[in-house]
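If you read the sequence from its start, that first residue is 1, and numbering goes on from there.
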Amino acid sequence: MSKRKFGLALTMVLAAGTILGACGTEKAKNNEGTGSKQGAKENNFSIAMITDTNGVDDKSFNQSAWKGIQEFAKENNLEKGDGGYDYLESKGDADFEPNLNRLVRRDFDLVYGIGYLLKDAMEIIADQHPDTMFGLVDEIADSPNVVSIMFKEQEGAFLAGAAAALMTKTDKIGFAGGMQIPVIERFQAGFVAGVAAVNPDIKVDVQYTGDFGKAELGKAVANRMYSSGVDIIFHAAGATGNGVFSEAKERKSADKNASVWVIGVDSDQYAEGQVGDENITLTSMLKRVDVAVKNISELARDGKFPGGEVKTYGLAEDGMALTDSHGAIPDDVLAKVDEFAKKIADGEIVVPEYPTK
């Protein structure tokens with residue numbers, strides 16, 4: 001597939017840090033309004049992250065965030081470990097504060113918390129360590145030394161919905177969400193709007209599992225949907241979405257002519273859809289946490305850390321994309337989705353953030 005500027009391509013500098021005196025470990029800060037600016041140490045600028053409870057290899061946004069940190073580290077010649085880059089995994093909510101504290105004590109310049117679940121813990125630790133820079137993904141923190149990193153998930157989901165509507169053979173499409181929270185509702189709203197933009201008569205079956213970490217719930221939802229005639233399911237359910245893939249792959253294994261597709265989320269989930277010589281991943285909606293993390297890291301390294309601000313990434317900021325479909329989606333359909341992407345990025349189409357009641 002040819003690369004594209006908007007939506008369908010994988011989008012995707014070194015300025016000197018602020019020189020610090022004394023032992024070189026104190027971080028400089030310059031709080032002016034909501035734009036807290038803190039410079040790097042004289043040596044390498046170090047970054048680290050803690051995951052939510054799904055782990056660093058969740059094939060979702062934890063993995064995407066770690067990818068962004070690794071890319072930043074490579075470009076800045078950082079080594080894994082203290083003084084370079086690293087991560088800690090959280091097995092449960094009780095790990096959030098201790099993990100954040102561990103990274104602060106290891107003197108990382110910038111510490112990320114990946115996921116809305118970390119908001120309370122990050123605000124507590126950020127208040128205790130005002131000279132450390134923090135980044136919170138998917139929630140808004142009320143702390144001058146925390147940048148809140150948000151996404152226009154509805155824009156990427158719109159493209160997924162348009163692609164699904166253009167590819168369905170049954171005119172029945174499914175959306176499988178995890179917990180019914182604002183971020184997942186943005187996925188739902190955008191997806192349903194994208195389907196309606198192509199054909200408002202197509203039925204979208206919306207179901208929430210209530211969990212991000214239980215594949216068996218995703219499998220059960222997918223079973224009900226496929227059994228009812230749905231042929232394409234877009235999941236926004238984290239590890240629960242692995243069950244959607246499992247159900248689709250089982251059906252494809254039993255009948256290679258079965259018309260069952262999954263649209264992945266957050267990271268490229270093409271490998272998850274492999275069934276022998278076949279693949280049931282239609283495409284994946286990338287939530288480019290990697291792009292955002294790398295961008296914020298560059299700003300912080302250059303003494304331009306946007307502390308206290310909310311940075312939002314959509315199509316215009318390369319924060320959303322659809323992956324290569326590996327031939328599953330024909331070029332004429334891709335061209336139509338591209339048109340939608342350009343109109344959204346240009347502001348010609350404004351995608352709703354909230355589901356229609």
Side-chain angles (χ1 to χ4, degrees), residues 47-70 80-82 85-108 110-129 132-143 145-151 153 176-187 208-221 235-246 264-267 269 272 287 289-290 292-293:
I47 59 176
M49 61 171 266
I50 73 166
T51 71
D52 68 359
T53 56
N54 287 326
V56 76
D57 57 352
D58 63 348
K59 301 177 180 66
S60 191
F61 63 95
N62 284 306
Q63 186 168 319
S64 182
W66 180 234
K67 178 174 179 283
I69 285 179
Q70 290 175 301
K80 192 170 184 294
D82 292 354
Y85 70 103
D86 211 343
Y87 74 88
L88 294 177
E89 287 191 327
S90 305
K91 302 303 181 183
D93 293 6
D95 291 336
F96 295 157
E97 285 187 42
N99 278 345
L100 288 169
N101 254 327
R102 288 186 185 100
L103 294 179
V104 172
R105 289 169 182 165
R106 289 170 61 185
D107 204 29
F108 285 99
L110 174 59
V111 176
Y112 290 98
I114 311 304
Y116 78 99
L117 291 172
L118 280 89
K119 177 182 177 179
D120 292 343
M122 178 158 284
E123 288 182 336
I124 290 170
I125 301 303
D127 288 347
Q128 293 173 357
H129 301 279
T132 297
M133 293 174 280
F134 295 90
L136 177 62
V137 173
D138 270 357
E139 252 294 4
I140 297 176
D142 184 19
S143 300
N145 54 329
V146 179
V147 56
S148 301
I149 303 168
M150 302 293 286
F151 295 86
E153 291 90 356
M179 296 179 68
Q180 193 165 357
I181 56 177
V183 60
I184 305 303
E185 289 186 331
R186 289 196 291 273
F187 279 103
Y208 281 86
T209 65
D211 201 287
F212 289 115
K214 294 184 178 179
E216 64 273 19
L217 297 180
K219 191 175 189 302
V221 163
H235 90 86
T240 297
N242 295 338
V244 178
F245 279 99
S246 294
V265 73
D266 293 335
S267 297
Q269 297 190 309
E272 298 307 299
K287 180 173 173 177
V289 183
D290 57 327
V293 164

- prompt: So do the side chains of Val289 and Asp266 get within less than 4.5 Å of each other, counting heavy atoms only?
  reply: no
In a table with atom names and distances, give each donor-acceptor pair under 3.5 Å that connects a side chain of residues 89-99 to protein atoms at least two apart or in another chain.
{"residue": "Glu89", "atom": "OE1", "partner": "Lys91", "partner atom": "NZ", "Å": "3.4"}
{"residue": "Glu89", "atom": "OE2", "partner": "Val56", "partner atom": "N", "Å": "2.8"}
{"residue": "Ser90", "atom": "OG", "partner": "Thr51", "partner atom": "O", "Å": "2.8"}
{"residue": "Ser90", "atom": "OG", "partner": "Asn99", "partner atom": "ND2", "Å": "3.2"}
{"residue": "Asp95", "atom": "OD2", "partner": "Lys91", "partner atom": "N", "Å": "2.7"}
{"residue": "Asp95", "atom": "OD2", "partner": "Gly92", "partner atom": "N", "Å": "3.3"}
{"residue": "Asn99", "atom": "OD1", "partner": "Arg102", "partner atom": "NH1", "Å": "2.8"}
{"residue": "Asn99", "atom": "ND2", "partner": "Glu89", "partner atom": "O", "Å": "3.2"}
{"residue": "Asn99", "atom": "ND2", "partner": "Asp95", "partner atom": "O", "Å": "3.4"}

message: Walk me through whether Glu123 and Val146 qualify under side-chain contact (heavy atoms from CB on, under 4.5 Å).
response: CA-CA 8 Å; Glu123 288 182 336; Val146 179; over 6 Å; no
message: Donor-acceptor pair, distance only, cut-off 3.5 Å: does the side chain of Glu139 make one with the backbone of Leu118?
response: no
query: When the ring planes of Tyr87 and Trp66 are compared, do they come out parallel, tilted or perpendicular, using 30° and 60° as the limits?
result: perpendicular
task: Give a yes or no on whether the backbone of Asp211 and the side-chain of Thr240 come within a donor-acceptor separation of less than 3.5 Å.
output: yes
task: Just do the side-chain contact (heavy atoms from CB on, under 4.5 Å) check on Asp52 and Phe212 with the steps written out, would you?
output: CA-CA 11 Å; Asp52 68 359; Phe212 289 115; over 6 Å; no
message: If we ignore hydrogens and angles and just use 3.5 Å, is the side chain of Asn145 paired with the main-chain N or O of His129 as donor and acceptor?
response: yes
message: What's the separation between atom CE in Met133 and atom CD1 in Ile47, rounded to the nearest 0.5 Å?
response: 10.5 Å
statement: Sorted by chain and number, sequence neighbours left out, salt bridge (Lys or Arg N to Asp or Glu O under 4.0 Å) with Lys214 holds for none
- line: Taking every heavy atom of Val293 against every heavy atom of Ala65, the minimum-distance pair comes out as CG1-O, 4.1 Å
task: Would you indicate whether the side-chain heavy atoms of His235 and Phe245 approach each other to under 4.5 Å?
output: yes
query: Out of curiosity, Lys119 NZ to Ile124 CD1, how far, rounded to the nearest 0.5 Å?
result: 12.0 Å
message: I'd like to check the salt bridge (Lys or Arg N to Asp or Glu O under 4.0 Å) partners of Asp86; sequence neighbours left out, ordered by chain and number.
response: Lys80, Arg106
- line: For Tyr112 and Met122, the nearest pair of non-hydrogen atoms, with its separation, is C-CE, 4.1 Å
query: Shortest non-hydrogen contact from Ser64 to Lys287?
result: OG-O, 3.7 Å
field: Where Val244 and Gly218 come nearest, the two heavy atoms and their spacing
entry: CG2-O, 3.6 Å
- prompt: How close do Asn62 and Met49 get, heavy atom to heavy atom, and via which atoms?
  reply: O-CE, 3.8 Å
query: If you look at every heavy atom in Ser148 and Ala141, which pair is closest and at what distance?
result: OG-N, 2.9 Å
message: Any heavy-atom pair between the side chains of Asp107 and Asp82 that's under 4.5 Å?
response: no
Side-chain touch Phe151/Asp138, heavy atoms, less than 4.5 angstrom: yes
